[in-house]
Each structure stands twice: as structure tokens, then as C-alpha cells.
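Single-structure report; data block below.
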Amino acid sequence: MPPLEGLRARSYPWEDKFANLDIRIRVKGGGMTAQIYAIRSAIAKSIVAYYAKYVDESSKNELRATLMAYDRNLLVADPRRREPKKYGGRGARARFQKSYR
């Protein structure tokens, strides 16, 4: 199975709630997988915001609970980032080997 096969567009049980919406998303930077996750997150967050603004609060909370139960990363971002490289070594934590003779 290709690595991105699990992220392919598929139908979801809550899809009928936003069938009449047009969403345009532009992503930049990162790799293909990171962009796919960013698109998924942007769609989920925009639908919840739409329900908060134009539909009632109870249906927004219901949709939010459904999305959180499906995948928490759709609404909550992952804060992990690459640690920057420092001087004195090849990476962020690795140091050059020290010789005493």
C-alpha cells in the first residue's frame, strides 16, 4: 500500500453537513504528507467555524465532538517541530567526537 493511500479523499458520515459549501485552500511549503494533513485540518476547522457563525451552537458542538472522536489532529494542531542545529556538532544534540591525544 502506498504511504499516502490512507489519506486519500473518501466519504465520511458527516459529509452531508457541508455538501453545499465551497472551500478553497492553498498550501505552501513542507512535504506532500504535511500538506495533506494541513488541508484536512483547514477543512475541519473551517466547517466548525462556519457552524459557529451561521448555524446553531448545539450542532457545532455535535460536529466538533464527531470530528474529535474520528481524529483529534483534525482540530488540535501537533506542536512538534524540528529542533534547530547548534554549533559544535552535526545536529541539534550530537557533538563532534573529542580527542585527548
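- When side chains are defined from C-beta on, V55 does not count as touching K60, because their heavy atoms never get closer than 4.5 Å.
- Atom CD1 in I25 sits 4.0 Å away from atom CD1 in I43 (nearest 0.5 Å).
- Of the possible donor and acceptor atoms, one in the side chain of K85 sits under 3.5 Å from a partner among the backbone N and O of G89.
- Closest non-hydrogen pair, P84 versus A92, comes out as O-CB, 3.5 Å.
- The shortest distance between side-chain heavy atoms of R93 and E83 falls below 4.5 Å.
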>> I'd like to know whether S58 forms a side-chain hydrogen bond (donor to acceptor under 3.5 Å, both in side chains) with N61, so could you lay out the CA-CA distance, the side-chain angles of the two residues, the decisive distance to 0.1 Å, and finally the verdict.
In response: CA-CA 5 Å; S58 63; N61 290 336; over 6 Å; no

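- Counting heavy atoms of neighbouring residues, nucleotides and ligands inside a 6.0 Å radius, atom CG of D22 does not exceed 12 of them.
- Atoms CD and OH, from E62 and Y51 in turn, are 8.5 Å apart once rounded to the nearest 0.5 Å.
- Here the CG atom belonging to L74 is positioned 11.5 Å from the OG1 atom belonging to T66, to the nearest 0.5 angstrom.
- Between N73 and S41 the shortest side-chain heavy-atom distance does not fall below 4.5 Å.
- The shortest side-chain heavy-atom distance between M68 and V76 falls under the 4.5 Å cut-off.
- To the nearest 0.5 Å, the span separating CD1 on I23 from OH on Y50 amounts to 10.0 Å.
- Distance check, rounded to the nearest 0.5 Å: CG of L67 to NZ of K45 gives 12.0 Å.
- Of all the heavy atoms in Q35 and K28, the pair that sits closest is NE2-C, 4.0 Å.
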